[in-house]
Amino acid sequence: MNTAAVPLAILSALVLVGALWVVTLHNLFRAALSLGLVFLGIAGLFICLGAEFLALVQLLIYVGAILVLIIFAIMLTNSWQRETLPASRQRLPAALAALALFALLARATWVLAWPAQIPGGATRLKDLGLVLVKTLVLPFEVISLIFVVVVVGAIAVAAPRKGQS
Amino acid sequence: MAVRTLVLLAEALFCLGVYGLLTRRHAVGLLLSIELILNAAALNFVLFSRVFDQVAAQAFTLFIIALAACEAVVGLAIIIRLTRTAQTIYADEATVLKG
């Protein structure tokens, strides 16, 4: 194991443990916080893979916006939660199904001929920007359209109707 | 660490998300699991962009992050509406559509 592999191993362990907590913890607030742990680990992995800009975006959008939004939702709906209820159902069949899926995926990808080492070097931000406004300009514009639809739709769905509290 | 191990990590993350989707009863818990799945996809995109030296894959990671934000916003709006209409936050108790 060379020196570059150590941070990767630590970050991978962080991501795995965090993801396990996300799906198993009974307290949903703690599950959301461990989701933050997963996001941080993934951002670290992005840096190790030479995608520093994406790591920053991951931190800004995921940890800064999505996680805060989810925590808001947990607090807003706190009064509907009943602590006595079990947090999950059908655990054994679900675990079996997830394990079977993992075995299938792992078996499919393990036999492929991967490069022994991750190629070094970092992505130049200029290249990424050029791809965004040249090759992928249509998806880029569609994303902005989706943003508008999402904002209007979210307000329309969540806003109280007339005559309703 | 080889590329193979990181692919396995992304697969494990995806399967944990699927497990969470199947078991969680709380509606926000389902959203958390979906975020896990989307992160697994993003990790794969970034890994393959490095392995195959394709910058466009990173642009797709940006799209994934943007769509995850949209999904979270719409999901939370639906959940807030659900608590008002169905008087519950648990996904398996929301049986408003049942005749």
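Worth knowing before you read on, the calculation uses all heavy atoms, side chains too, and leaves out hydrogens, waters and symmetry mates. Since the model is a prediction, treat every value here as computed from it, not as a measurement. In what follows, chains carry the letters A, B, and so on, assigned in the order in which the sequence lines appear, proteins first and then strands, with residues in each chain numbered from 1.
With values rounded to the nearest 0.5 angstrom, Ile70(A) atom CD1 is found 11.0 Å from Leu33(A) atom CG.
Looking at Ile80(B), only its side chain comes within 4.5 Å of chain A, counting heavy atoms on both sides. For Val131(A), the part lying under 4.5 angstrom from a heavy atom of chain B is the side chain only. For Leu76(B), the part sitting under 4.5 Å from any heavy atom of chain A is the side chain, from C-beta outward, and nothing else. In this structure, chain A has heavy atoms under 4.5 Å from both the backbone and the side chain of Val51(B). Using a 4.5 Å cut-off between heavy atoms, Gln87(B) touches chain A through backbone and side chain atoms alike. For chain A, no part of Phe45(B) is nearby; none of its heavy atoms comes within less than 4.5 Å. Both the backbone and the side chain of Val73(B) have a heavy atom closer than 4.5 Å to some heavy atom of chain A. Residue Ala42(B) touches chain A through both its backbone and its side chain, counting heavy-atom pairs closer than 4.5 Å. Interface residue Ile143(A): only side-chain heavy atoms are found under 4.5 Å from chain B.
If you tally non-hydrogen atom pairs under 4.5 Å between each of Val142(A), Leu99(A), Leu69(A), Val149(A) and chain B, the highest count goes to Leu69(A). For the set Gly29(B), Cys70(B), Ser33(B), the entry with the most heavy-atom pairs within less than 4.5 Å of chain A is Cys70(B). Between chain A and the options Asn39(B), Asp92(B), Thr61(B), Leu13(B), the largest number of non-hydrogen pairs under 4.5 Å is found for Asn39(B).
Residue Trp114(A) places its CH2 atom among more than 12 non-hydrogen atoms of other residues, nucleotides or ligands, all under 6.0 Å distant. The local environment of CG in Asp53(B) is sparse, with at most 12 non-hydrogen atoms from other residues, nucleotides or ligands closer than 6.0 Å.
Using bins of under 30°, 30° to 60° and over 60° for the plane-to-plane angle, the ring pair Phe48(B)/Phe52(B) lands in the tilted bin.
Under the 6.0 Å distance and 45° angle rule, Arg4(B) counts as a cation-pi partner of Trp110(A).
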